[in-house]
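Beneath this line is the structure, given in structure tokens, with notes to follow.
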Amino acid sequence: MEKIYITGHKNPDLDTVCSAMAYARLKNMLDPSNEYVAVRCGHLSESCKNILSALEITPPPYMPDVYPKVKDVMLSPNLMLEKKAGMDELAKSYKDSNPSVTPVFDGGRFIGLLSIDDITAWYMNGINNGSDLSRIPTVGEVMRDQAEPLMAGELFEDAKKALSASPKRGLAVYDGDSFVGYVTRRCFLKAPKYNVILMDHNEPRQSIKGIETANITEIIDHHRLDTMKTSTPIFIDAEPLGSTCTIVYELYMRNKMTPDKETARILLTGMMSDTLILKSPTTTAVDVEAANALSEIIGESVQDFGIKIFSHVESLSSMKPEKAILTDFKRYTEKGVALGIGQCEATTLNDIDDYKEKYLKALEDVRVKNGLDWAVVMVTDVMKENSVLFSTDFKAAGNLPYALLEEGIYDMPGVMSRKKQLLPEMLFALGM
Ligand SMILES: [Mn+2]
């Protein structure tokens with residue numbers, strides 16, 4: 001039984017976490033011989049947390065990276081060898097295996113590793129000193145000084161270096177204060193690989209840390225393809241739909257499975273969020289059909305469910321401006337111009353006067369800190385399908401086809417999509 005982690009992108013949004021959760025449920029039903037675990041590789045925004053908790057959906061656990069660790073290769077003791085036992089106890093198990101080290105306990109408490117070097121040294125010293133070698137010594141007499149132990153969460157590569165630099169044949173492994181196992185040199189012959197399914201992204205730099213060391217088994221996504229090479233054939237489902245949750249719903253259908261009520265709520269949450277209640281221009285007929293089918297399962301209209309989700313979005317006036325801008329912030333470099341485009345969702349634009357000054361100031365700070373030439377943030381009213389754009393002082397901003405409301409702020413009626421509407425206009429404004 002192998003473990004396969006299903007992760008969305010960094011700066012997780014609702015589509016990323018919800019598609020991972022719903023897909024893990026499907027995969028566990030389709031393939032019970034393996035264990036599929038949904039995880040998230042970043043922290044959730046306050047709005048995401050609020051929405052998930054209002055819907056009583058538990059988000060996937062946080063997993064910072066997929067680098068192989070000491071715990072993935074360590075051995076557990078198969079013999080409880082006590083310090084006061086005679087060496088004949090150990091000799092018995094030598095018939096079947098000849099371990100290079102054996103953990104030693106004192107009243108059940110781990111005290112160290114006994115290595116074959118200890119045994120050799122004990123006999124060699126005995127010969128040198130003219131001791132009586134026909135006497136069988138205790139384990140405690142033979143075991144020598146111990147080296148610094150490793151921690152279970154330490155990286156495989158670091159531990160491999162530590163052990164090869166050490167004169168010891170093995171090292172104990174601890175998790176906090178407790179002994180959990182041990183490693184020998186043989187444990188480090190080959191680095192284990194984590195199995196990972198990428199959801200809602202495919203570019204390595206948007207992925208969980210250490211993805212370059214992992215084994216990617218599938219990609220389910222609705223973004224442009226800019227992924228890495230794989231060593232084996234893999235399943236890829238990349239479709240230009242409004243949300244990855246729609247693709248997951250399609251996969252339920254293709255496998256003749258119907259999502260249960262809770263899974264339907266999870267899928268519809270990601271779908272509503274990524275398509276801005278099916279109003280974003282990224283929305284397709286397939287998304288609409290899937291949303292209707294899911295709304296039937298949960299017995300709530302798409303519109304009501306969508307509004308419920310966005311009613312939990314934190315208002316921009318109460319958020320820290322820099323944090324709000326960076327929650328969903330994408331960088332692009334086009335013809336040597338470094339751009340940064342953030343997008344925030346709101347349920348009204350009537351309160352802009354309350355926060356416009358601090359957001360413009362924070363946006364300039366974000367621009368400077370990130371070495372950008374031009375930074376903007378679009379605030380989208382998901383109810384009325386309008387946006388306003390905050391922009392730092394940049395010459396090409398004057399070429400944008402939007403009406404200037406006041407310095408640094410533009411009106412964008414009907415604009416909802418960063419990638420389909422705003423980005424092309426910004427590139428055009430730059431003369432590209
Ligand atoms: Mn998405």
Side-chain angles (χ1 to χ4, degrees), residues 6-26 38-45 47-49 51-52 55 57 59-60 196-208 211 216 218-227 236-252 259 263-291 294 302 305-306 309-310 313 326-332 341-345 378 380 382 416-423:
I6 306 187
T7 179
H9 52 74
K10 283 180 190 146
N11 294 326
D13 56 22
L14 288 173
D15 189 34
T16 250
V17 293
C18 291
S19 59
M21 279 189 276
Y23 195 50
R25 290 170 178 216
L26 177 64
V39 296
R40 61 186 163 87
C41 63
H43 298 297
L44 294 167
S45 69
S47 291
C48 284
K49 279 189 224 162
I51 292 166
L52 293 174
L55 295 169
I57 297 171
V196 182
I197 294 177
L198 305 184
M199 296 300 290
D200 195 36
H201 74 292
N202 67 78
E203 299 187 36
R205 72 200 138 146
Q206 294 172 356
S207 197
I208 188 163
I211 191 66
I216 297 173
E218 293 184 30
I219 298 173
I220 315 290
D221 191 17
H222 67 144
H223 294 94
R224 70 163 189 181
L225 217 54
D226 188 9
T227 194
I236 298 184
D237 191 342
E239 299 183 52
L241 300 179
S243 91
T244 300
C245 282
T246 305
I247 305 177
V248 174
Y249 173 75
E250 295 290 299
L251 288 166
Y252 270 85
T263 310
R265 270 152 47 84
I266 292 172
L267 284 170
L268 197 54
T269 300
M271 223 180 260
M272 291 295 98
S273 157
D274 244 31
T275 64
L276 307 176
I277 324 186
L278 304 178
K279 288 179 212 153
S280 166
T282 54
T283 311
T284 66
V286 178
D287 297 297
V288 176
E289 201 179 305
L294 291 168
V302 172
F305 191 79
I309 284 171
F310 281 98
V313 169
L326 291 174
T327 299
D328 180 11
F329 192 79
K330 295 209 166 129
R331 281 150 235 242
Y332 305 85
I341 313 181
Q343 185 167 20
C344 301
E345 281 124 31
M378 70 189 278
T380 301
V382 296
M416 298 190 89
S417 168
R418 168 173 45 200
K419 75 179 165 197
K420 277 205 157 175
Q421 295 170 303
L422 175 58
L423 180 60

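Basis for what follows: all heavy atoms, side chains included, without hydrogens, waters or symmetry-related copies. Ligands are counted one by one from 1 in listed order, and the atoms in each one are counted from 1 as well.
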query = Got L14 and D274 here, is their nearest side-chain heavy-atom distance under 4.5 Å?
reply = no
message = Just to be sure I understand the site: which N, O or S atoms from the protein are less than 2.8 Å away from the Mn ion (ligand 1)?
response = D15 OD2, D200 OD1, H222 NE2, D274 OD2
query = If we ignore angles and hydrogens, is there a donor and acceptor under 3.5 Å between the side chains of T283 and S280?
reply =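 Short answer, no.
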Side-chain H-bond candidate by donor/acceptor type, S45 with S47, under 3.5 Å =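 No, because no side-chain N or O of S45 sits under 3.5 Å from a partner of the opposite role on S47.
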CD1 on I341 to CG on D328, rounded to 0.5 Å =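 Atom-to-atom, D328:CG and I341:CD1 are 10.5 Å apart.
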message = Nearest 0.5 Å, please: how far is OG1 in T244 from CD in E239?
response = 10.0 Å
key: With S207 via side-chain hydrogen bond (donor to acceptor under 3.5 Å, both in side chains) - residues at least two apart   =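 side-chain hydrogen bond (donor to acceptor under 3.5 Å, both in side chains) check on S207 returns H201.
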